[in-house]
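In what follows, chains are A, B, ... by sequence order, proteins preceding strands, each numbered from 1. Just so you know, these numbers come straight off a predicted model, no measurement behind them. As a basis for the values below, the full set of heavy atoms in this structure was taken, side chains included, without hydrogen atoms, waters or symmetry mates.
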Amino acid sequence: MSKPDRTFYKKTSLELAKAILGFYLVHITPHGRMVGKIVETEAYMGIHDKAAHSYNNNRTKRTEVMFGPPGHAYIYLIYGMYHCMNIVAAETDTPQAVLIRALEPVEGMESMAQLRYKKSLHQCSKKEKTGLSNGPGKLCQAMDISRSENGLDLVNSKHMFLLEDDPPDKKDIITSTRINIGYAEEAIHFPYRFYINSSPYVSVKVNTSK
DNA sequence: ATACAGATCGGT
DNA sequence: CCGATCTGTATA
């Protein structure tokens, strides 16, 4: 398995969001090496997307990374207590990003359990195990990702990067609207969320009945 | 200087 | 459904 290079990230956030499904996110920390498979993403399409932090070319200290080159991490604090991790897409001055919404734990689950619940994995209920990383705030807590990693270059960093893997079966990928963007008017309805349907680690699944 | 809302989560 | 909790951002 190999690390994607810079050109891999130089695509629209919509394309990148689909392309990284099934890839691995690796973070090497003092707690050990932790790896999760990316099973859910959302695209934030930049200056015309009312759900995006960079909507209307909103360039501030917080959103600055998105205006830079692709392949860097955009990490912000939400609701005063959780972090969300994004990967910057597209080219410089095109502020698009992909939010990582859920991971399937692959390696370092013992450390993840400690960071999430302050207890060891074998004392976790089944629900707690799937709850390790099935949401954007949860996965940052489990993988020890915070604003100290903001701006980090996933192409060159030895500590945090992606590893590419075979794409999932196309039939297994569901497209839906994004979560918790009720303020975004028409953008509420944009089909910018993607997930691997067979994964039990997806945060919210679409109601397929009815 | 102040006000206010938020790309979430966990418990009722 | 509701509250936690605090920063980033806008407004004045």
Side-chain angles (χ1 to χ4, degrees), chain A residues 12-18 20-21 25 36 38-68 70 72-90 94-103 105 112-119 123-151 174-195 200-207:
Chain A
T12 67
S13 61
L14 261 179
E15 293 174 88
L16 187 63
K18 288 179 267 191
I20 62 175
L21 281 178
L25 174 64
I38 299 171
V39 297
E40 179 180 349
T41 58
E42 279 177 1
Y44 286 84
M45 282 293 274
I47 65 175
H48 301 301
D49 178 0
K50 286 183 180 163
H53 291 164
S54 52
Y55 171 64
N56 205 22
N57 231 14
N58 178 34
R59 184 171 188 158
T60 65
K61 196 165 189 178
R62 180 174 66 146
T63 63
E64 184 60 31
V65 215
M66 285 195 282
F67 289 81
H72 292 249
Y74 167 50
I75 296 156
Y76 64 90
L77 187 66
I78 184 74
Y79 297 108
M81 47 186 126
Y82 299 104
H83 297 274
C84 289
M85 172 167 175
N86 299 252
I87 299 174
V88 175
T94 303
Q96 303 184 2
V98 175
L99 173 67
I100 312 291
R101 282 197 56 91
L103 295 175
M112 294 185 193
Q114 285 298 333
L115 288 161
R116 288 271 296 134
Y117 307 119
K118 312 256 185 259
K119 62 184 184 186
Q123 321 190 59
C124 290
S125 67
K126 191 166 181 180
K127 193 156 196 168
E128 285 171 324
K129 284 178 188 172
T130 53
L132 277 177
S133 54
N134 63 346
K138 298 176 191 179
L139 72 90
C140 283
Q141 196 181 14
M143 297 277 287
D144 200 25
I145 293 168
S146 68
R147 273 176 307 170
S148 48
E149 280 80 36
N150 187 43
I174 303 281
T175 301
S176 85
T177 54
R178 292 170 291 182
I179 305 291
N180 280 333
I181 52 154
Y183 53 86
E185 303 175 21
E186 80 278 356
I188 291 171
H189 308 290
F190 296 172
Y192 287 178
R193 174 169 172 258
F194 308 95
Y195 64 86
Y201 290 90
V202 169
S203 64
V204 189
K205 294 199 180 179
V206 170
N207 185 5

Exercise. Looking only at heavy atoms, which two atoms of A/Cys84 and A/Ile78 are closest? And how far apart?
Worked result: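 That closest heavy-atom pairing would be SG-CG2, 3.8 Å.
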For this session: Check A/Leu25 against A/Leu103 and note the closest heavy-atom contact, atom names and distance.
Result: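 Here A/Leu25 and A/Leu103 meet closest at CD2-CD1, 4.2 Å.
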Base, sugar-phosphate or nothing for [X]? Non-hydrogen atoms, less than 4.0 Å.
X: A/Gly80; value: base
X: A/Asn58; value: sugar-phosphate
X: A/Arg147; value: sugar-phosphate
X: A/Arg178; value: nothing
X: A/Leu99; value: base

Check: [X] side chain, [Y] main-chain N or O, donor-acceptor pair, under 3.5 Å:
X: A/Tyr74; Y: A/Ala97; answer: no
X: A/Tyr195; Y: A/Val206; answer: yes
X: A/Ser13; Y: A/Ala89; answer: no

Between atom [atom1] in [X] and atom [atom2] in [N], what is the gap in whole Å?
X: A/Glu185; N: B/dG6; atom1: CD; atom2: P; answer: 12 Å
X: A/Arg62; N: B/dA5; atom1: CZ; atom2: P; answer: 15 Å
X: A/Glu128; N: B/dG10; atom1: CD; atom2: C1'; answer: 12 Å
X: A/Lys138; N: B/dG10; atom1: NZ; atom2: C1'; answer: 8 Å
X: A/Tyr117; N: B/dG10; atom1: OH; atom2: C1'; answer: 10 Å

Exercise. Could you give the start and end, 5' to 3', of the contact zone on DNA chain C for chain A, using atoms under 4.0 Å from its heavy atoms?
Worked result: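 The protein-touched segment is C/dA4 to C/dA10.
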Counting only side-chain N and O atoms of [X], is one of them less than 4.0 Å from OP1 or OP2 of [N]?
X: A/Arg116; N: B/dG10; value: yes
X: A/Arg101; N: B/dT8; value: yes
X: A/Asn180; N: B/dT8; value: yes

For this session: Enter the distance from A/Leu77:CG to A/Cys140:SG here, rounded to the nearest 0.5 Å.
Result: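 Answer rounded to 0.5 Å: 10.5 Å.
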Exercise. According to the 5.5 Å centroid and 30° plane-angle thresholds, does A/Tyr183 stack upon the nucleobase of B/dA5?
Worked result: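 No, A/Tyr183 does not stack on the base of B/dA5.
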For this session: Could you go through the side-chain contact (heavy atoms from CB on, under 4.5 Å) check for A/Arg178 and A/Asp49 one step at a time?
Result: CA-CA 12 Å; A/Arg178 292 170 291 182; A/Asp49 178 0; 2.7 Å; yes
Problem set entry | Nearest listed nucleotide, side chain of A/Tyr82, among B/dA7, B/dG6, B/dC9 |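 Looking only at heavy atoms from C-beta outward on A/Tyr82, the closest nucleotide is B/dC9.
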For this session: Please determine, for C/dC6, whether a Watson-Crick or G-U wobble partner exists with both distances under 3.5 Å, and give it or none.
Result: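 By the stated definition (distances under 3.5 Å), B/dG6 pairs with C/dC6.
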